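Computed from a predicted model, the values in this text were never measured in an experiment. Quick note: residue numbers are just sequence positions, from 1.
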Amino acid sequence: MFKKFLKKLFGFLFVGLIWLFIFSIPVGEGKRLYNICYTYIVDTRPVRWVKEKISSGAKTTENTAKDTASEVIDKVGKEVKK
């Protein structure tokens, strides 16, 4: 079982090194393949829109949780004082 784990781990690391070398291929002055892929695949308007929606939703959820926690703490405090 441990031998199988090591085999998978080394396979994963080997593939990671291959991707590291592929993305580090120079394609222009000071630019690497990674920069080109990032610009045209990751840093696009749809991806930024999704990222903004997720951030907004997370912030709303966080604020709602804080408000709910404050309400519960206030109610518990009032009940304890009775």
Side-chain angles (χ1 to χ4, degrees):
M1 180 164 211
F2 185 69
K3 199 173 194 179
K4 194 175 192 180
F5 170 74
L6 284 178
K7 185 176 179 181
K8 286 185 178 186
L9 179 65
F10 286 126
F12 175 77
L13 293 174
F14 180 72
V15 171
L17 285 173
I18 298 296
W19 277 109
L20 177 68
F21 287 117
I22 287 174
F23 282 132
S24 66
I25 296 172
V27 290
E29 291 185 27
K31 287 192 175 185
R32 306 232 180 259
L33 183 62
Y34 171 82
N35 301 110
I36 302 298
C37 291
Y38 179 82
T39 301
Y40 291 110
I41 296 173
V42 177
D43 194 27
T44 60
R45 187 175 295 154
V47 172
R48 284 189 299 246
W49 181 81
V50 168
K51 181 180 169 187
E52 179 62 35
K53 291 297 179 187
I54 291 172
S55 296
S56 173
K59 193 65 166 171
T60 302
T61 303
E62 181 183 348
N63 290 337
T64 303
K66 284 180 182 179
D67 293 342
T68 304
S70 296
E71 289 175 13
V72 169
I73 290 170
D74 290 342
K75 286 181 182 178
V76 169
K78 288 178 184 177
E79 289 297 320
V80 169
K81 288 180 184 179
K82 285 184 179 180

For the student: nearest non-hydrogen atoms of Ile36 and Val27, plus distance: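 For Ile36 versus Val27, the nearest heavy atoms are CG1-CG2, 3.6 Å.
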Residue pair Leu33 / Ile22: nearest heavy atoms and the distance that separates them: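 Minimum heavy-atom separation between Leu33 and Ile22: CD2-O, 3.3 Å.
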Look up atom [atom1] in [X] and atom [atom2] in [Y], then write down how far apart they are to the nearest 0.5 Å.
| X | Y | atom1 | atom2 | answer |
| --- | --- | --- | --- | --- |
| Asn63 | Thr68 | CG | OG1 | 10.5 Å |
| Tyr34 | Ile41 | OH | CD1 | 11.0 Å |
| Phe2 | Leu9 | CZ | CG | 9.0 Å |
| Asp43 | Cys37 | CG | SG | 13.0 Å |
| Phe10 | Phe5 | CZ | CZ | 9.5 Å |
| Ile25 | Leu20 | CD1 | CG | 10.5 Å |

Exam field: side chain Asp67 to backbone Thr64, donor-acceptor pair closer than 3.5 Å: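 No, Asp67 side chain to Thr64 backbone: no donor-acceptor pair under 3.5 Å.
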Lys53/Trp49 under side-chain contact (heavy atoms from CB on, under 4.5 Å): CA gap, chis, key distance, verdict: CA-CA 6 Å; Lys53 291 297 179 187; Trp49 181 81; 3.4 Å; yes
Electrostatic pair Lys75:Glu79 at N-O distance under 4.0 angstrom: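 Salt bridge flag = no for Glu79 with Lys75.
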side-chain contact (heavy atoms from CB on, under 4.5 Å) evaluation trace for Glu62 with Lys66: CA-CA 6 Å; Glu62 181 183 348; Lys66 284 180 182 179; 3.3 Å; yes
